[in-house]
Number of protein chains: 2
Amino acid sequence: MNNKQLRKVRIKEIIRDNIISSQDDLLKLLRDEGFSLTQATLSRDLKKMKISKVAYTDNTYRYIIPKDSPSKPKSGNRGFVSLDFSGHMAVVRTLAGYASPMAVLMDNSPSDLFIGTIAGRDTIFVALNENNINHEKFRIYLENLLSDNED
Amino acid sequence: MNNKQLRKVRIKEIIRDNIISSQDDLLKLLRDEGFSLTQATLSRDLKKMKISKVAYTDNTYRYIIPKDSPSKPKSGNRGFVSLDFSGHMAVVRTLAGYASPMAVLMDNSPSDLFIGTIAGRDTIFVALNENNINHEKFRIYLENLLSDNED
DNA sequence: CTAATTATTGTATATTTATGCAATATTTTT
DNA sequence: AAAAATATTGCATAAATATACAATAATTAG
């Protein structure tokens with residue numbers, strides 16, 4: 001294991017075991033352990049590891065390790081297969097059985113972009129808002145819904 | 001609904017439907033809609049809402065709504081709600097819409113413990129193997145099924 | 001109503017984080 | 001091994017974000 005990999009492992013451990021509220025905090029701890037690096041490198045490491053600062057309930061900021069961080073196969077898009085459009089209708093194809101829960105997800109994240117969904121076994125019809133038809137935005141909406149919201 | 005609350009609602013919607021990579025991005029969109037505020041206020045709003053910038057797989061940063069946000073459905077165990085038994089039948093309750101995919105999961109992980117499943121919207125009936133009725137084992141089977149593999 | 005209290009916001013700025021570029025180091029190719 | 005290609009890093013700084021403080025607005029108490 002080279003220095004970079006070792007460093008990354010320690011970064012995760014430190015963040016798991018400490019309250020870190022800035023990159024400089026973390027930088028100091030790493031340097032105390034003998035690592036030699038700068039904030040710039042740390043910023044890059046954290047980006048690669050998807051570790052980021054979030055607001056905590058105690059009104060402070062902390063760095064946290066995302067729950068799904070450990071190289072999760074991106075195939076886990078909740079059964080998503082494809083998205084196509086037909087006029088005012090978006091058609092989402094899913095793996096067998098996934099259409100209904102995905103439609104429920106959408107129903108629970110309402111948006112101006114659509115006015116309703118109906119799901120079969122592996123297909124969802126989404127009635128888009130005729131005053132606000134924007135395929136690209138709907139695609140982004142769905143992408144965010146499916147990737148931001150893992151179990 | 002006063003201006004602040006309205007603004008916060010819109011912030012969530014905008015982040016859900018767009019790719020936002022800085023507070024200034026968001027600020028511009030809000031101002032386009034007629035909101036009058038500064039980056040400082042936005043920073044405070046986002047802190048309160050626990051919305052933060054995270055590294056995305058495409059090597060960019062995006063603001064995202066945290067997973068446990070109230071607008072997202074709570075789905076810790078893949079929509080699982082409860083498990084009960086009635087004679088040779090196990091009855092699994094799920095969140096609305098989750099019954100079918102969960103039954104598919106079970107069908108794809110066959111076991112001597114049951115001989116078939118049938119799913120409605122939020123309920124699965126599982127016909128247990130009458131030669132091998134063991135409620136506790138089935139509970140463990142289901143527990144493992146729901147916690148093991150990723151989506 | 002008026003005063004007191006609390007909440008919201010902007011300004012200005014400090015703090016924090018990200019990145020272009022050049023230098024080094026590492027790995028791969030020949 | 002040398003050359004070429006790729007990756008890692010620091011430096012300097014740009015870009016982005018958070019916050020102290022003061023002002024203003026809204027709410028509550030008397």
Interatomic distance, [X] [atom1] vs [N] [atom2] [rounded to whole Å]:
X: Leu27(A); N: dC11(D); atom1: CG; atom2: P; answer: 11 Å
X: Asn3(B); N: dA25(D); atom1: CG; atom2: P; answer: 14 Å
X: Lys28(A); N: dT15(C); atom1: NZ; atom2: C1'; answer: 12 Å
X: Asp24(B); N: dT16(C); atom1: CG; atom2: C1'; answer: 15 Å
X: Gln23(B); N: dT17(C); atom1: CD; atom2: C1'; answer: 12 Å
X: Ile11(A); N: dT17(C); atom1: CD1; atom2: C1'; answer: 14 Å
X: Tyr61(A); N: dA16(D); atom1: OH; atom2: P; answer: 17 Å
X: Leu26(A); N: dT16(C); atom1: CG; atom2: P; answer: 13 Å

Side-chain cluster (under 4.5 Å, hydrophobic types only) that Tyr56(A) belongs to, other residues: Val54(A), Ile64(A)
Tell me who clusters with Ile140(A), hydrophobic residues only, linked when side chains sit under 4.5 Å apart either directly or through other members.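 Ile19(B), listed by chain and number.
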So if I take the C1' atoms of five pairs at each end of the helix from dC1(C)-dG30(D) to dT30(C)-dA1(D) and get each local axis, what angle do the two axes make, rounded to 10 degrees?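 Overall, the helix from dC1(C)-dG30(D) to dT30(C)-dA1(D) bends by 40° from one end axis to the other.
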Any idea which of dT19(D), dT9(D), dT9(C) is nearest the Lys4(B) side chain?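 Ranking dT19(D), dT9(D), dT9(C) by closest atom to the Lys4(B) side chain puts dT9(C) first.
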Under 4.0 Å between a side-chain N or O of Tyr63(A) and OP1 or OP2 of dT17(C)? yes
Is there a side-chain polar atom (N or O) of Lys47(B) under 4.0 Å from OP1 or OP2 of dT17(D)?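 No, outside the criterion.
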Report the C-alpha separation of Leu95(A) and Val104(B) in whole Å, then their side-chain angles, then the decisive distance to 0.1 Å, and conclude whether the side-chain contact (heavy atoms from CB on, under 4.5 Å) test is met. CA-CA 10 Å; Leu95(A) 297 179; Val104(B) 169; over 6 Å; no
Any Ile65(B) side-chain heavy atom under 4.5 Å of Met49(B) side chain: no
Under the salt bridge (charged side-chain N to carboxylate O under 4.0 Å, His left out) test, which residues partner Arg93(A), sequence neighbours left out?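 With neighbours one apart ignored, the set is Asp122(A).
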Who pairs with Arg62(A) by salt bridge (charged side-chain N to carboxylate O under 4.0 Å, His left out), at least two apart in sequence or on another chain? Asp58(A)
Does anything in residues 21-33 of chain A form a salt bridge (charged side-chain N to carboxylate O under 4.0 Å, His left out)? List the pairs, not counting sequence neighbours. Arg10(A)-Glu33(A)
Ser36(A): side chain to side chain contact (heavy atoms under 4.5 Å, CB included) partners, not counting sequence neighbours: none
In residues 29-46 of chain A, which residues come under 4.0 Å of DNA chain D by heavy atom?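 Ser36(A), Leu37(A), Thr38(A), Ala40(A), Thr41(A), Arg44(A), in order of number.
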Return the set of residues passing side chain to side chain donor-acceptor pair (under 3.5 Å) with Ser111(A) (not counting sequence neighbours), or none when no residue passes. Asp17(B)
